[in-house]
Amino acid sequence: MKNENLKGIVRATLMLLIAMIMVQGAVYAQGSPNARQNRIVGVWDVQVTNTNCDTGATLSTFRGLHKYELGGTGQVVPATNPTRLSAHMSVWNWVHGNDYKMTFKMFRFDAAGNNIGWIVVRNDVSINEDATEYTGSGRAEIFDVNGNNVGSSCPSFTGTRFQ
């Protein structure tokens, strides 16, 4: 009697494992949910235009690199004077479909090398369907060393995957 019960349990367990493997295979064949969420991961060659939020007047344009890492972190490297800005550290998250949000922070310095505050930039980013190009725009908030908001600007950018 015990052998019969044990055989039944083993048979049921094997059937359950086979069903789980089949379901996993079907999910894999359709592409995992993380596949779409992580399509932005990699390095992007970016052209940035920074404008006055109120007037739309161009304040600056420059190139840069945006790096998105698995897990939602990243870095931004602008092609600007490194003695005036620190490395930019970022966090990002998938919103839906081809849309993401990115926030990054950098420290600002004056000509003598003194810390004069920081900037926090929040961008909405959209990637194209084949994950080779993207666009984004947002708002940069500028703070002094005491954390007072002393201004803002509105960056926008276009990018292509760096290969």
NZ of K101 to CH2 of W94, rounded to nearest 0.5 Å, is 14.0 Å
| message | Checking N50 against S153: is there a side-chain donor and acceptor pair closer than 3.5 Å? | response | yes
Tightest non-hydrogen contact, residues K67 and S90, listed as O-OG, 4.5 Å
One pair to check against side chain to side chain contact (heavy atoms under 4.5 Å, CB included): V91 and M102. What are the steps and the verdict?
CA-CA 6 Å; V91 293; M102 172 182 64; over 6 Å; no
Shortest non-hydrogen pair, N115 vs F107, comes out as ND2-CD2, 4.0 Å
In this structure, CD1 of I119 is separated from CZ of R108 (nearest 0.5 Å) by 5.5 Å
Q: Answer yes or no: are there more than 12 heavy-atom neighbours, outside F162 itself, under 6.0 Å from its atom CZ?
A: no
Only one of R39, H66, R161 passes side chain to side chain donor-acceptor pair (under 3.5 Å) with Y134, and that residue is H66
Check: Looking only at atom types and distance, does a side-chain atom of T158 sit under 3.5 Å from a main-chain N or O of T135, one as donor and one as acceptor?
Finding: no
**Residue pair W44 / I127, side-chain heavy-atom distance below 4.5 Å** = yes
Out of curiosity, does V121 fall in the hydrophobic cluster containing V95 (side-chain heavy atoms, cut-off under 4.5 Å, transitive links)?
no
Check: Is a donor on one side and an acceptor on the other found under 3.5 Å between the side chain of T58 and the backbone of S60?
Finding: no
Rounded to the nearest 0.5 Å, the OG1 atom of T103 sits from the CZ atom of R122 at a distance of 5.0 Å
What one should report as the nearest heavy-atom pair of W92 and T73 is NE1-O, 3.2 Å
Here the gap from R139 atom CZ to S152 atom OG, rounded to the nearest 0.5 Å, amounts to 3.5 Å
- Task: Could you check if a side-chain atom of N123 sits within less than 4.5 angstrom of a side-chain atom of F104, using non-hydrogen atoms only?
- Result: yes
When rounded to the nearest 0.5 Å, the distance separating CG of N93 from CG of D99 is 11.0 Å
Exercise. If only atom types and distance count, is the side chain of N148 paired as donor or acceptor with the main-chain N or O of V150 below 3.5 Å?
Worked result: no
Rounding to 0.5 Å, atoms CG (N98) and CD (E129) come to a distance of 4.5 Å
Here the salt bridge (Lys or Arg N to Asp or Glu O under 4.0 Å) pairs for residues 52-65, sequence neighbours left out, are D45-R63
Between F157 and V46, the two heavy atoms sitting closest are CB-CG1, 3.4 Å
| task | Indicate if Y100 and L70 have the same hydrophobic cluster label, given that clusters are the connected sets of ILVMFWY residues with side-chain heavy-atom separations under 4.5 angstrom. | result | yes
Tightest non-hydrogen contact, residues A79 and F62, listed as O-CB, 4.2 Å
- Item | Short side-chain donor-acceptor distance under 3.5 Å, D144 and N146 | no
For residues Q75 and M89, determine if any side-chain heavy atom of one lies less than 4.5 Å from a side-chain heavy atom of the other.
-> yes
Q) In the single-linkage hydrophobic clustering (I, L, V, M, F, W, Y; side-chain heavy atoms under 4.5 Å), do V125 and V41 co-cluster? A) yes
Flag yes if I142 and M106 sit in one hydrophobic cluster, no otherwise; membership is Ile, Leu, Val, Met, Phe, Trp, Tyr, and two members link when side-chain heavy atoms are under 4.5 Å apart. yes
Minimal heavy-atom distance between P155 and V48, with the atoms involved, is CB-CG1, 4.4 Å
